[in-house]
Amino acid sequence: MPELPEVETIKRSLAKKALGKRILDVGIFWPPAAVSIPGGDFTELVKGREIESFARRGKYLLINLSRGLTMIVHFRMTGRLIYYADQQPREKHTHVVFYLDQGELHYSDIRKFGRIQLVSTSEAMQVASLAKLGPEPLDELFAFDQLGQRLAKKKSTIKASLLDQKVIAGLGNIYADEALFRAGIQPGRRTESLKVSEIIKLYNAIGEVLAAGIKAKGTSFRDYRDADGNKGSFQYNLMVYGRGGLECIVCGQKLERQKIAGRTTVFCPDCQK
DNA sequence: AGTGGCTCCTGAGCGC
DNA sequence: TGCGCTCAGGAGCCAC
């Protein structure tokens with residue numbers, strides 16, 4: 001499931017292949033996946049435009065096209081965007097194909113939760129879902145006291161707070177659990193009970209786990225692939241996610257699995273206080 | 001403001 | 001082999 005490191009990896013791999021290519025035509029095979037500007041036809045608006053740049057905000061990928069249009073992609077659970085240098089037959093769950101002057105870009109999504117939304121570039125950041133996002137955790141301007149101030153407003157568990165994209169952008173279930181483990185904090189703790197020293201630990205753990213995730217080109221627990229169709233390798237570095245009932249790699253205690261904030265959450269009852 | 005529940009959706013895994 | 005069930009979950013929405 002693409003979280004910040006996965007979207008960043010897709011962005012980087014896509015930039016190497018699709019930058020500067022022109023979109024000759026678009027095939028839409030499941031219309032809800034391609035959301036157009038109200039009153040405008042998606043294909044007609046995108047046709048003929050050049051892919052000028054890529055950006056990322058939280059878990060959103062932004063594809064900036066020439067003449068002021070942007071496609072905002074949210075992959076949700078199982079979305080994929082893969083570049084092929086040659087003609088490629090459509091797979092079962094391929095919903096949108098961009099036919100480029102060189103190669104093809106295929107958007108596929110097994111569970112159909114993801115969307116490609118077309119907006120004007122000038123309004124992209126004002127789109128409701130993006131406007132509400134909290135700070136970028138890897139931005140050098142993002143300081144620990146900023147995290148502390150945002151957490152101070154929350155009255156919920158720390159796990160729920162980290163998943164709240166308004167608090168901090170880009171964390172999902174995997175990296176939230178991994179960050180909490182590395183910070184030694186139980187995910188069920190009330191946010192307001194965290195001491196400053198714990199928020200500093202959490203801040204550092206978030207930065208470390210996201211940077212490590214990007215370095216490993218993401219976590220391919222099941223469905224995730226980058227724009228070249230390759231898997232990431234961070235699944236081999238996961239300490240808690242997907243390891244409920246197994247031994248803690250630090251202390252050997254059995255890892256606990258609980259529903260917190262409606263999400264399956266795994267933690268070490270011994271290492272995390 | 002919070003939480004829980006529901007919705008979207010398909011496939012994997014499991015018991016029988 | 002296959003049926004029916006549960007689970008996986010990001011985010012928006014609703015009721016409370």
Side-chain angles (χ1 to χ4, degrees), chain A residues 1-8 10 28-35 56-62 72-81 90-96 106-117 119 126-134 136-137 149-180 187-194 206 210 213 218-225 231 234-235 238 240-246 255-267:
Chain A
M1 46 224 80
E3 303 179 27
L4 189 154
E6 289 73 34
V7 180
E8 181 65 25
I10 292 169
I28 300 175
F29 305 98
W30 190 68
V35 181
R56 181 192 56 72
R57 181 78 174 93
K59 303 174 195 170
Y60 294 84
L61 174 71
L62 290 92
I72 302 174
V73 184
H74 198 306
F75 298 97
R76 287 292 213 277
M77 307 298 302
T78 53
R80 289 181 184 179
L81 200 49
R90 198 157 52 87
E91 286 176 3
K92 187 179 174 187
H93 300 291
T94 303
H95 307 314
V96 182
H106 287 221
Y107 174 77
S108 69
D109 185 1
I110 293 171
R111 283 180 222 173
K112 296 181 174 173
F113 286 0
R115 294 291 181 265
I116 304 175
Q117 189 184 356
V119 297
Q126 276 76 257
V127 168
S129 45
L130 270 80
K132 286 185 277 186
L133 291 177
E136 281 295 320
Q149 282 164 20
R150 288 175 173 269
L151 289 177
K153 294 176 193 160
K154 298 294 289 182
K155 289 181 176 149
S156 60
T157 60
I158 185 62
K159 172 74 184 269
S161 299
L162 291 182
L163 290 177
D164 184 346
Q165 302 298 300
K166 295 190 284 301
V167 171
I168 182 167
L171 288 178
N173 208 31
I174 297 174
Y175 293 95
D177 274 14
E178 294 299 314
L180 285 166
R189 281 269 300 278
R190 303 300 303 176
T191 302
E192 61 269 30
S193 78
L194 296 190
I206 291 168
L210 292 177
T219 304
S220 289
F221 201 77
R222 183 171 291 168
D223 299 290
Y224 166 72
R225 299 290 184 276
K231 291 184 179 188
F234 201 64
Q235 61 277 19
L238 296 176
V240 284
Y241 181 85
R243 300 193 68 247
L246 301 176
L255 294 176
E256 205 161 314
R257 190 167 173 265
Q258 268 181 32
K259 279 256 189 230
I260 299 173
R263 302 279 176 267
T264 300
T265 302
V266 182
F267 63 96

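Residue numbers begin at 1 in each chain, while the letters A, B, ... track the order of the sequences.
Residue-nucleotide stacking is not present for A/F113 and C/dA11, judged by a side-chain ring centre under 5.5 Å from the six-membered base ring centre and planes under 30° apart.
Contact check, A/K59 against C/dG10: no side-chain N or O comes under 4.0 Å of OP1 or OP2. Contact between the side-chain N/O atoms of A/T264 and the OP1/OP2 oxygens of C/dA8 is found at a separation under 4.0 Å. When the side-chain nitrogen and oxygen atoms of A/H93 are compared with OP1 and OP2 of B/dC9, none of them lie within a distance under 4.0 Å. In this model, the phosphate group of C/dG10 is not approached by any side-chain N or O of A/H74 to a distance below 4.0 Å at OP1 or OP2. A sub-4.0 Å separation between OP1 or OP2 of C/dC7 and a side-chain N or O of A/K259 is absent.
Taking the ring centroids of A/Y175 and A/F234, they lie under the 6.0 Å cut-off.
Counting non-hydrogen atoms under 4.0 angstrom, A/Q165 reaches the backbone sugars and phosphates but no base. Among the heavy atoms of the strands lying under 4.0 Å from A/Y241 are primed sugar atoms or P, OP1, OP2 only; no base atom is included. Within 4.0 Å (heavy atoms only), A/K166 reaches no atom of the nucleic acid at all. Residue A/T78 is out of contact with every strand shown, counting any heavy-atom pair closer than 4.0 Å. Within the nucleic acid shown, A/M77 comes within 4.0 Å of at least one base atom, counting heavy atoms only.
Where A/K132 and A/R111 each meet DNA chain C at their nearest nucleotide, the meeting point lying more 5' is that of A/R111.
In this structure, the CZ atom of A/R263 is 13 Å from the C1' atom of B/dT3, given to the nearest Å.
Using a 4.0 Å cut-off between charged nitrogen and carboxylate oxygen, A/R57 and A/E136 count as a salt-bridge pair. By the 4.0 Å N-to-carboxylate-O rule, A/K59 lies too far from A/E6 to be salt-bridged with it.
Across A/F113, A/Y107, A/Y60, a single residue satisfies ring-ring contact (aromatic ring centres under 6.0 Å, His included) together with A/H74, and that is A/Y60.
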